[in-house]
Structure formats: C-alpha cells, structure tokens
2 protein chains.
Amino acid sequence: MPDAAQFFDRIDRPARLPDGVASAIIDAIETRQLQPGDRLPTEMELARRFGVARTVVREAISLLRYDGIVQSRRGVGAFVADPAQKSTFRISPACFEKRKRIVQLLELRTGVQAGASALAAEMRTEAEMRDIRQTLAEVEAADRLGPAAALEQRVDSELLLYRRIAEASGNEYYVEVTRMIETTIQNNLRSAFLKNAANSEFGPQIMAEHHAVVDALIARDAEAARLATRSRFERAAHRLAARQDFL
Amino acid sequence: MPDAAQFFDRIDRPARLPDGVASAIIDAIETRQLQPGDRLPTEMELARRFGVARTVVREAISLLRYDGIVQSRRGVGAFVADPAQKSTFRISPACFEKRKRIVQLLELRTGVQAGASALAAEMRTEAEMRDIRQTLAEVEAADRLGPAAALEQRVDSELLLYRRIAEASGNEYYVEVTRMIETTIQNNLRSAFLKNAANSEFGPQIMAEHHAVVDALIARDAEAARLATRSRFERAAHRLAARQDFL
DNA sequence: GTCAAAACAGTTGTCTGACAACCAGACATA
DNA sequence: TATGTCTGGTTGTCAGACAACTGTTTTGAC
C-alpha cells in the first residue's frame, strides 16, 4: 500500500541531554581546550554551566569513562585520560560528512574484510562453505532479475555473503569488527549504496568478483581469497566514490 | 632507592555499581535470557532486584544504549536491540582469560597492522619515513644492550615503531583501530610481553623482521610491506603462544 | 453501536536535595 | 621530622518528586 507518509522523516527530537553534554565535553577535548591530564570542572560546575542537573552531567561523564576518554577519582575529580587509553573503536556519524573520511573507512573495510577472507579460506568447515555457496546463489538470483528489481534484497544478500565469510574465519573479533563497520556504513550511506547498486553494482563483472572470492575459499587458497576480496571491495569503493551524487 | 613498597599492588577496590549492573544485563542478553526485541524490566524493577538506586540502573542502561545494545523509548521502556546494530568495537577484559580468544585477538592485530603497513608504503611522506627510521634506530639501540637491559624501553620503542607506521598510512581509522587493539593488549598482557621480550624477542633475527618491514616502506612496496608485517606479527604471536607461562 | 476525545496508569527523562565515601592539604602534636 | 586530626571539597549513591511521553481504557456525543 503506497503511502505518502514514507516521505516524511522523523522530526529530529531534541537529543537526550546527557548525549549533548558528552559531545560538548568531547569537543572541548578534541579542540585541545582540555588536554590529557587536565581536570574537568566539577560536576556541580558543569551542571551550572550547561544548565542541567548534576545527574545529567554524571551520566555524560560515565559515557566518557566507559570509552576510556576520562578517568574519575572519588573525592578528587575527573581527568582527561591519555588518548592512548581509549578502549573503544567507534565511528562517529559526523565522519560521514567528509568525503575523505568515508574513503578511509572504505579502505579499512577492504583491509579487514580481506583479512577475514584469508583466514576463512584456511578455517572454513564444509557446512560453512555450503552456506556461503547458498548465499552466493541468492546474490546471483537477485542479480539476474536486473539492476532495479529486488534492489534491497540484492544488496542485503551481498552483505550477508561477506558476513558469512567473516563468520567462517572462526575469529570472533573479525566477525565483530566487520559487522560493526558494515552496520555503521549501512546506517549512514544506505541510500548511496542502493543508488549505486541500481547503476553499477550488478551484471557479470560484479558476479565474477564474488565468484573469485568464493572459488578461493573452496580451494582453501588464503592468498587468493585475500587478493580477490581486496580487489572486490577496492573496485566497489571506487565505483561508489566515482558517483556524481556521492557527497 | 630500593623500596619494599614496590611489592605491594594496589588493592582492588569494589567496582562502580553501574558497571556491575551493566555487565549483569549484558550477561542476561548474551545468555539469551533476554532476546533482541525483548523489553527490559522497568528501571524501578531493576533497581529493586539489584538492590541499588534507580540512578545507578539508569547509568548502566545509558552505557548499553551508548553501545547500541539496547534502545529506550520514553514512556514505553528499554528494548534489547538487534545485535547487528552494535555501533562499537570493544574488547572485554574477560576475553583475556581464554587462550583461544587471545590468539584470535593477535590474529586480528596481525591482519590490521599488515593492512596499515601496506597503505603506509604507498602514502608515507619523507618526514614520516625519517621518523620511522629514527624509531627503528631506537629499537636497535635498545636491542644491542642485551635481552634484559632496558626491557620496557625496548618493548615501548617497538610499539612506537608500528604506531608510527600506522600513522604513516594517513588513514585515521587504521590509526585508531591499531592503537585501540594495542592498548587493550598491553593493559592485559603487559607482563607476558615483557617476559617474552626478555627471552625471545631480541637479537638479529627479530631485528631482521623489523628491517624487512621498514625496507619495504622505503621502497614503497605495498605488497612486501604487507607480507613482512604479517610475517613479523605472526612469528611474534607464535613465540608468545609457545611460552609455558602463557595462560 | 461507533468513533473520537479525554482521562488514566505506567515508563523514561530530568530535577532537587541529601548523605556516604573518599581525598588533598592544613594544622596540631609528640 | 613524623604522625595523627580536622576541614573543605569532590565523586558515588540514595530517595523522592515532577515533566514528557505512550498505550490503553473509559467516556461521551452522535
């Protein structure tokens, strides 16, 4: 049932207060107003300055502490930590506003996914191989329907294919990192991906790229898998970046 | 001034309440007691069950929300999110209790660092190359002092060498990921690293491994850099895992 | 009986005030 | 000098209240 409502995005509600406070503090740290080792103003003082309650400030600081950006000591205060102590890898949505950052993110994705493929070539079980071939068949089926048909389905089955491959590596960290990167990209660039898929990400050449990867996995050839995966994601990134409407 | 106090470690203070509550909830999610889409008990109810104040529960939930593990809607409740929505990569200290997990983490480190090296071979500037050679010289100097002397210094300069290389890639995500992985490893395995460095991580062979990497960077040979880095970290991981006292 | 508006109960988000635990430094004391 | 004590300040936790919001139920007009 076609519905005009699909064109209306959610209005951006005022974000949660603690998130705002947290990013304000992060901002102060990134702009060097607050340097490693410096003490943050007291929670009372911050609450006064931001015009919020202390509970809000506390929640904000607890987020930063969770990421290892600040350390707090009871009875003393909260201190900006050594940046090397950051214990989390997180991709901020703001990064998707700069073309350069997106290209770098796609580079990282290429490298990590290629590493996962290489491992998978060595570690895969027969059952996993069956799943992978099955998923590849789904990609192929969607591809045969033409560029515009089953668009989302095609993109999703492609994503699933490479997630399956990462899982076949048997390395949970690779699984987590690739999934986290993919999730972030999809959340922020989904529309560009779809447009791209409708224009250039289909047809025999693209299918040949996928096949090269899967064939290497079948042959248990780690180096070939790495190369094929690298080549596939490099080309995909290149095609995406070449689009006129890409940022 | 030798001081007996050096034998006294910090006593482990009781962790913060919100952290405990958060990991209890994460536990419930990982053991499938709470499945994606399920609603968490209300904050009141959780506070009652855990025997803490609601502010503590709120702080805990805000951490999970920050990682994309739960989503909360005012007036309704907090819900376990789709695991694919997790927006962070984080290595829990608990992972260092299982040998298998550590090996996997070292695998990831190898792959990512190799990717960074390959990029660095192409993107490095002359100034960065000078810094890298300078750092390599420091490693070499520390190495010449023998296995036991300047132990920490040698390990640290090695870490610095590969951090410099990652920075020379010009890709901030590679810098962040490698640094985050390295930080976590050092925070949890520092002592093993030091013991290992005193026993096997020194001498001409190890220096040759470093030189192979740097030479590839000088030659701007991406594939050689990838291979040399991979080889260096794979061997280091192997030597570490071969130790008797390693878990 | 139908349907929309209004009231309601329940939940999260924020605010306020209080007290406990803790710390650094000043001060007193031996 | 070394040790104990006090004091003000800070973070950690608690308790209670209200605001904002949601899903459901009730009410009332037709």
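Because the structure is a prediction, the values reported are computed rather than measured. Chain A is the first sequence line, chain B the second, and so forth, proteins listed ahead of strands; every chain is numbered from 1.
Between Glu128(A) and Arg164(A), none of the side-chain N atoms (NZ, or NE/NH1/NH2) sits under 4.0 Å from a carboxylate O, so this pair counts as no salt bridge. At a threshold of 4.0 Å, the pair Lys86(A)-Glu176(B) counts as salt-bridged, since one of the basic side-chain nitrogens sits closer than that to a carboxylate oxygen. Note on Arg54(B) versus Glu45(B): no salt bridge recorded, every NZ/NE/NH1/NH2 to OD/OE distance being 4.0 Å or above. The pair Glu43(A)-Arg48(A) fails the salt-bridge criterion, with no side-chain N (NZ, NE, NH1 or NH2) lying under 4.0 Å from an Asp/Glu carboxylate O.
Here the P atom of nucleotide dA19(D) and the CZ atom of Arg74(B) are 12 Å apart, to the nearest Å. Going from atom CD of Gln71(A) over to atom C1' of dC23(C) covers 16 Å, rounded to whole Å. Per the geometry, CG belonging to Leu17(A) stands 18 Å off P belonging to dT12(C), to the nearest Å.
For the atom pair CG (Leu159(B)) and CZ (Arg179(B)), the distance works out to 13.0 Å, reported to the nearest 0.5 Å. Remark: Leu119(A) CG to Glu107(B) CD distance equals 4.5 Å, nearest 0.5 Å.
A heavy-atom distance below 4.0 Å to DNA chain D is reached by these residues of residues 35-56 of chain A, ordered by number: Arg39(A), Thr42(A), Glu43(A), Arg54(A).
A close approach under 4.0 Å does occur between a side-chain nitrogen or oxygen of Arg58(B) and OP1 or OP2 of dG13(C). Contact annotation: Arg16(B) reaches the phosphate of dG12(D) (side-chain N/O to OP1 or OP2, under 4.0 Å).
At the heavy-atom level, Arg73(B) lies under 4.0 Å from the strands shown only through sugar-phosphate atoms.
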